[in-house]
Amino acid sequence: RTDLAIGVRLEPPHLDPTAAAAAVIGEITYANLFEGLTRIDREGRVIPGLAESWEVSDDGKVYTFRLRQGVFFHDGSTFDARDAVFTLERAIAPDSINPQKALLEPIEAVEAVDAHTLSVRLKRPTAQLPFILGLPALVIVGHETAETNRAMPNGTGPFRFSRWHMGDRVDLVRNDRYWGEKPALSRVTFRVIGDPSAAYAALMAGNIDAYTNFPAPEHLPQFEADPRFKVVVGRTEGKTVLAQNNARKPLDDIRVRRAIAHAIDRKLLIDGALYGYGDPIGSHFAPQNAGYVDLTGRYPYDPEAARALLREAGAEGLRLKLALPPPSYARRSGEIIAERLRDVGIQVDIVPMEWAQWLTDVFRDKNYDLSIVSHVEPNDLDIYARDDYYFNYDSPEYKALYAELAAEQDEEKRLVLLKSLQQKLTDDAVNGFLFLLPKLGVWDARLQGFWENAPIPANDLTGVRWER
Amino acid sequence: MNRDFLNARLLAGAIIVGGVCLMALISLVWTPYDPLKLDIANRFAPPGPRHWLGTDQLGRDVLSLLMRGAVGPVGVSISAVTIGLVVGATAGMLAASSGGVASYATLRTSDFLFAFPALLIAILLRETLGPGMLNAMVAIGIFYIPIFIRVSYGASLPVWRSGYVAAARVAGRGSLWIATVHVLPNIAGVLTVHTSVQLSLGVLAEASLSYIGLGVQPPQPSWGRMLLEAQTLLPISPLLAIAPGLAIMVTVMGFNLLGAGLRQALDPRGAFIPESEAVR
Amino acid sequence: MTLLTVDNLEVDVAGRPILRGVGFTLTRGETLGIIGRSGSGKSMTALALMRLLPQDGQARGRIVFDGTDLLSLDEAAMCGIRGRRIGVVFQEPQSALNPLMTIGAQVAEGIRQHADVTRREAASLAAETLARAGLDPARVSPDRFPHELSGGQRQRVAIAMTVAMRPDIIIADEPTTALDVTTQARILDLLRTILRDDGPALLLISHDLGVVATMADRIAVMDEGRIVETGPTRGFAGRAHAPQVRTLIAAATLSREIAAPVPPLPEHTPAEHPPLLAAEAVSRRFGLPRAHPLAWRQYRRAVDQVSLSVQAGESVALIGESGSGKTTLASLMLGLQTPDAGRIAYRGQDIAGAGRDVLRRMRADVQAVFQDPYSSLDPRRKAGWIIAEPLHLAGPIAADERDERVAEALREVGLSPDDANKYPHAFSGGQRQRIAMARALVTRPRLVVLDEAVSSLDVVAQARILDLLARLRADHGLAYLFITHDLRVAKAIARRVAVMHDGRIVEEGMTAEVLTDPQHPYTRALLASQPDFSAFAA
Amino acid sequence: MIRAFAAGVASLLATLLVASVVIFAAMQVLPGDPAQVMLGVNARPDTLAALREQLGLDQPLAVRYWTWVSGLLTGNPGVSHTYAVPVSDLIAARLGVSLPLAALALALAVAIGLPLGMWAAARRGRAVDRGVLIVAQLGIAVPNFWLAMLLVLLFAVTLRWLPPGGFPGWDAGAGPALLALVLPAVALALPQSAILAQVMRQSLVDVLAQDFVRTARAKGLTRGQALRRHALRNAFIPILSVLGLQFPFLLAGTIIIENVFFLPGIGRLVFQAVNQRDLIVVQSVVMLLVAIVAVVNLLVGLAYAAVDPRVRRAA
Ligand SMILES: Nc1ncnc2c1ncn2[C@@H]1O[C@H](COP(=O)(O)OP(=O)(O)OP(=O)(O)O)[C@@H](O)[C@H]1O
Ligand SMILES: Nc1ncnc2c1ncn2[C@@H]1O[C@H](COP(=O)(O)OP(=O)(O)OP(=O)(O)O)[C@@H](O)[C@H]1O
Ligand SMILES: [Mg+2]
Ligand SMILES: [Mg+2]
């Protein structure tokens with residue numbers, strides 16, 4: 001067999017990763033349809049993509065990329081430095097709607113040195129740049145076809161877009177002019193099935209071969225017991241936090257935040273909401289990344305300590321609103337956390353909301369007390385250094401530490417800085433740090449080559465094949 | 001169709017409806033366990049002496065959840081029907097009395113409201129007011145208004161044209177007197193029957209709304225949402241999906257039986273008000 | 001030669017005995033009239049003959065038709081008898097016709113059921129039969145639907161449907177009950193023509209002795225599920241001795257018996273004293289549905305430039321056939337509808353512009369008893385409440401005084417004060433009419449408008465009500481505006497009559513003069529349609 | 001008839017005009033920013049503004065309303081914010097699922113409900129009648145989404161006779177496409193058919209008790225002939241109005257069932273569009289649904305006239 005039906009949870013709004021933030025666009029297109037200059041591999045490392053190699057100037061402010069030759073877009077046009085320049089300039093233009101535009105802020109200018117050489121000039125050293133350029137939102141688009149990518153994605157990847165049955169599935173076929181090693185699969189169908197029980201039924205009934213991120217952890221034991229399936233629980237970058245509005249009374253009091261931290265029973269949470277899959281985290285950092293420190297013991301589950309801290313802060317009889325976005329991890333965790341907080345004397349009103357409302361009420365207007373959400377961007381410690389982020393965390397020390405990290409090129413020193421950043425967040429109990437969202441892979445036992453972890457939301461299918 | 005069978009319907013309906021309402025009320029002050037209390041170590045417990053219906057995915061007692069879960073459907077249904085009844089029946093009755101422009105306007109408005117699927121109203125309300133019981137009530141209530149307008153218009157039109165209304169006019173009575181003293185009691189039977197039928201639809205509607213997340217919100221349990229949550233657990237613990245489903249069915253049937261029984265009991269001819277009229 | 005012998009026929013419906021030992025015979029070409037009070041089992045007899053009893057009905061005994069016992073036939077054989085051999089014209093042509101089928105098709109259906117004819121042949125035969133029944137295809141096309149016909153025309157369709165199959169026996173169940181006198185006379189004529197042309201035997205069922213007396217060779221009287229008296233029509237009245245039959249006969253001849261003297265009018269002229277209530281050149285029209293959207297709207301003048309006045313103490317009868325505008329005129333005069341033109345004057349004052357207190361006085365003075373007694377009583381109110389409803393007109397009233405007035409009104413109309421606590425459905429038709437009357441009398445009005453106050457009652461109940469009205473007039477000097485289509489009744493009650501036809505008053509004058517020497521052709525036709533009792537009474 | 005039609009169409013247009021204003025206004029009070037939803041948490045204010053401008057959200061209300069309504073009239077209400085394709089294309093594709101589903105469900109409901117009702121009426125008072133009544137009571141009380149759940153468990157997961165959901169598209173062939181619609185249609189149809197059976201039975205029983213049926217029998221028609229030629233057509237009149245009433249329910253049911261079976265229909269579209277604040281899609285779909293209900297109402301009225309000469313000639 002060379003065909004594959006793979007399930008995704010959400011319907012993509014469209015198929016242009018450079019024009020919307022929806023993770024599912026990346027899950028379908030990244031490394032399959034579109035490729036970036038660099039590429040993030042299954043371990044989260046940066047490897048060459050459409051750029052064979054790159055160099056950094058000594059001051060760290062100029063990157064020079066050597067582009068691959070003999071690369072064609074699916075529509076037959078050739079890829080060269082003009083496309084790369086076009087892509088990056090489009091992303092940083094004033095009228096850009098690129099969701100990652102913020103990360104490109106350090107870029108000063110982009111130019112084509114020759115047809116196969118690109119140079120990127122920065123305002124200040126940014127060690128992250130190769131990683132950023134490997135993100136789904138910065139894949140290379142053809143300059144003639146950029147505006148039609150939403151419905152007719154045209155990239156350079158190993159698969160070509162075949163057809164999008166809106167609301168149901170996206171079909172891809174093998175790109176026979178692919179520059180690299182040809183994939184083993186000839187047809188790939190991404191089917192949109194968000195409902196967990198429908199997903200279960202679809203897998204069981206054999207309508208779908210694989211779910212790289214199955215929506216319902218409660219079903220995994222059944223798949224595990226079934227020899228037809230292979231279950232691989234990996235890690236995502238989804239740091240799930242109980243976000244707290246640090247500027248709001250009484251959450252501006254560190255004792256209250258620490259009390260909440262003590263009231264969080266991570267084991268119960270992981271058991272209850274995730275059926276035991278998922279790793280506890282003690283700070284805003286994923287365990288698989290270099291520089292991780294285990295801080296989960298910093299605030300052990302201790303209702304007594306929580307009550308004492310609340311008493312000390314004079315915050316008894318507290319009543320807080322907990323805004324919950326739609327994903328089931330959030331809704332389930334919310335119910336459990338609310339119950340535990342009630343146990344230490346904090347009344348919690350659950351306010352479920354849709355993303356649209358969450359984005360305006362919580363994220364933009366910061367009109368909330370507590371919320372539960374998973375931050376899936378890798379390496380995103382910068383959000384705590386931002387001025388206007390919805391946690392309302394404002395710590396000069398943290399900002400200073402982060403600035404240091406951003407400018408640091410030396411790997412050893414970077415690791416040390418990363419550790420102190422994690423430490424600082426935990427000390428300040430900025431948020432309740434809950435767990436790392438697992439990646440629940442379930443697929444036909446005869447399939448191999450899927451990513452085990454999800455360093456970025458993607459399903460790189462280049463290496464996937466049916467066992468012979 | 002013999003009368004005993006019909007009276008059995010009335011009795012069965014009354015018992016079921018009474019039971020469910022009572023259960024909902026009791027659950028507000030007492031349930032076997034706290035329906036919000038988690039006990040994850042003890043999740044998916046099968047039915048047994050401690051938990052008669054077992055426990056759910058978070059170790060909550062299913063019986064307690066079912067009891068408290070009745071509050072949403074019953075409460076929403078009753079309040080929504082009340083909205084529909086008060087607004088719709090009044091408007092329909094007055095429209096039938098006046099004829100002319102006012103009557104035309106009322107009937108047109110009613111048709112207009114009817115054209116709006118209740119579900120859309122619920123979705124829009126959710127987005128503006130936030131989800132919850134209140135907007136389920138309002139959405140379903142709005143849906144009921146045109147239904148009750150039609151029913152009460154249809155039922156009161158012949159009454160307004162009847163001989164006894166003419167007699168009341170000759171007796172020097174005004175429209176308000178006639179509406180309250182003659183028309184209302186004479187359409188009360190039809191309204192009662194419709195009310196109980198619509199109550200049953202209300203339970204279903206609330207369940208549907210809760211099922212798609214527009215009704216009662218967590219942590220408060222409701223049958224529809226229990227079904228939603230249990231849906232993914234169907235292969236693991238079918239009882240979790242079956243119990244609330246049956247609860248909905250039994251309640252809906254209770255209201256329906258009550259309606260059918262009432263229809264028979266209230267019809268002075270001792271015959272049926274045709275079922276078709278009840279649906280209309 | 002006996003065609004049909006019914007012997008000891010017993011019918012139970014839902015376990016309740018309805019017919020008990022009914023027996024009669026019918027010979028070829030004979031007309032047998034069955035009379036009896038409402039509910040005596042006449043219709044049930046007809047249904048039993050057709051084997052069309054209600055679902056839970058059961059028949060025992062023998063119905064021997066042309067040598068076979070119908071009760072022993074199977075359903076298929078019975079289908080061959082129904083329509084083809086025994087045809088029936090059911091009571092109430094309104095509901096006996098399928099509203100969704102053209103009349104032509106309904107007639108043709110029976111023909112095709114029993115004869116092997118093409119659709120086209122059946123259709124032309126049906127058209128022919130309808131024409132024979134008096135529905136000229138040029139005026140009433142066979143393509144019409146039942147709701148487009150008048151009551152009399154529907155009855156003709158029902159008759160045509162039966163006649164088309166040329167059965168040996170026609171059962172006609174109350175073929176004229178719902179119709180006014182002129183139409184009734186025409187339908188009876190039609191039946192006579194059919195008897196003459198086709199020669200079937202006729203089983204004529206009616207509660208109206210007059211109808212039966214003019215048609216039947218023999219009469220059978222039913223009461224409570226039994227036949228209590230049978231005999232030839234000629235001299236039937238003289239021979240009958242069963243008490244039930246005697247009351248029927250007495251009631252039927254009521255015109256002579258209740259002709260209580262009409263009191264003279266107090267001396268005054270209309271010019272000096274304005275009449276109590278008067279319609280002055282009033283018109284009222286109703287919009288007809290448009291033929292197509294661009295057509296002018298057509299109107300029907302239900303009341304056309306009518307003037308009619310009632311003096312205090314006077315009783316006026318308004319007669320005319322169904323649909324002539326009597327009820328509309330009455331409701332205009334009662335102020336229940338507003339006239340399109342003309343005015344209604346109460347004691348000379350236009351009620352359209354009158355103040356509240358004038359209207360109040362008028363309401364207290366002018367009361368009404370509506371056409372259908374049952375529908376004019378709120379089924380959810382007790383009789384006492386209903387009667388007391390107008391009492392507020394005289395101002396606030398104490399509860400015990402109110403009860404006293406109600407009791408008095410009840411006694412006045414011949415009911416018991418205890419009846420105040422019963423609901424309308426617990427009364428008989430005649431009693432309901434009395435309750436309506438009591439409500440009209442409780443305010444001590446000067447004028448009562450009575451719309452067909454007795455038409456829906458059987459003859460016995462009619463006589464009682466008319467007696468009551470005569471007494472009340474004598475006791476209280478009441479004025480009546482009495483609407484009826486029955487000349488006998490008009491004669492019995494009114495000093496003056498107005499004859500209404502097609503929305504206009506075509507003749508008006510003293511009762512005695514108008515009814516003995518009618519001027520207008522319509523009045524003459526009306527008089528000619530009265531049933532003839534001579535053979536029967538002799 | 002013509003007049004009834006003209007009046008019906010006029011009131012339909014008025015309804016739709018008012019509906020368009022109400023719907024448009026409702027969209028304006030929906031909280032949430034379409035641009036923010038599309039660009040997610042890392043978007044910067046200037047990026048959002050750029051997108052809003054691109055979407056035309058910065059124009060005055062009246063202009064947007066007019067653009068939309070005039071677009072509706074010409075059949076192209078605008079371009080979806082998220083999908084960036086014409087709304088009409090989007091809706092047309094989704095209707096390709098929803099309409100067949102609704103039609104299939106309606107057909108099933110009619111095909112099951114009416115014969116069952118007739119059967120019960122023909123044997124009224126007997127065991128069959130009671131059986132049908134009880135089954136109908138049960139059927140009416142079943143929440144369709146629950147039924148859907150159980151059906152999937154039985155027919156898709158356990159027996160694997162039918163697909164558990166999803167829609168292969170019509171270009172995959174009519175067979176697989178119809179197969180995918182079977183379970184959803186059954187889930188939708190069963191409760192509706194229970195209602196229909198009940199109404200049909202009652203209506204037929206009422207008609208059978210009427211005098212003209214007896215008249216027909218008196219002409220020599222057999223029981224069956226009287227039922228077929230006289231009773232059925234008359235009994236169908238209340239059925240019509242029930243069908244008209246059921247339609248909005250069916251539509252609402254379709255929206256829910258589409259979610260259970262993840263069918264790419266109108267219902268899913270509207271849910272998704274609301275969540276993504278694709279206002280132009282939401283308002284156009286809602287408008288469409290309102291129009292469908294209104295048109296169905298009109299059709300029911302006309303069907304009345306077609307069946308019943310009393311209505312036809314009076315109108
Ligand atoms: N379908 C029925 N079920 C039960 N009882 C019935 C039914 N039809 C008639 N009856 C009863 O049978 C008795 C005889 O009724 P029937 O219709 O024969 O009277 P009728 O003499 O024709 O009266 P009318 O002059 O009012 O037509 C009445 O007591 C009536 O209540
Ligand atoms: N509300 C109405 N709308 C339209 N037409 C009406 C209305 N009321 C009465 N008519 C018509 O006016 C005419 C006169 O009706 P009306 O009721 O006054 O007759 P009537 O003489 O009382 O007849 P009956 O003896 O049958 O009671 C009839 O043709 C009737 O159809
Ligand atoms: Mg009779
Ligand atoms: Mg009249």
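Each chain gets a letter, A, B and so on, in the order the sequences are listed, and its residues count up from 1.
- In this structure, C:Q58 places its CD atom where only 12 or fewer heavy-atom neighbours from other residues, nucleotides or ligands lie under 6.0 Å away.
- Although no hydrogens or angles enter the test, the distance criterion places no donor-acceptor pair under 3.5 Å between the side chain of D:K219 and the main chain of C:V107.
- Using a 4.5 Å cut-off on side-chain heavy atoms (C-beta onward), C:F90 and D:T215 make contact.
- With a threshold of 4.5 angstrom between heavy atoms, C:I81 does not approach chain D through any atom at all.
- Taking C:A96, C:G83, C:P54, C:A76 one by one and counting their heavy-atom pairs under 4.5 Å with chain D, the maximum is reached by C:A96.
- Nearest heavy-atom pair, D:R214 versus C:L52, reported as atom, atom and distance to 0.1 Å: O-CD1, 3.9 Å.
- Environment of CZ in D:R223: sparse, with no more than 12 heavy atoms of neighbouring residues, nucleotides or ligands closer than 6.0 Å.
- Atoms CD1 and CG, on D:I237 and C:L100 in that order, are 4.5 Å from each other to the nearest 0.5 Å.
- Looking at C:M161, only its side chain comes within 4.5 Å of chain D, counting heavy atoms on both sides.
- For C:E75, the part sitting under 4.5 Å from any heavy atom of chain D is the side chain, from C-beta outward, and nothing else.
- Between chain D and the options C:I111, C:V88, C:D56, C:L97, the largest number of non-hydrogen pairs under 4.5 Å is found for C:L97.
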(request) For the pair C:Q113 and D:Q225, evaluate side chain to side chain contact (heavy atoms under 4.5 Å, CB included) and give the outcome as yes or no after the intermediate values. (result) CA-CA 10 Å; C:Q113 188 71 19; D:Q225 285 172 328; 2.7 Å; yes

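- Remark: C:C79 SG to D:R217 CZ distance equals 6.0 Å, nearest 0.5 Å.
- Across all non-hydrogen atoms, the minimal contact from D:F212 to C:N98 is CB-N, 3.5 Å.
- Note on D:V207, D:L221, D:T222: by heavy-atom pairs under 4.5 Å with chain C, the leading option is D:L221.
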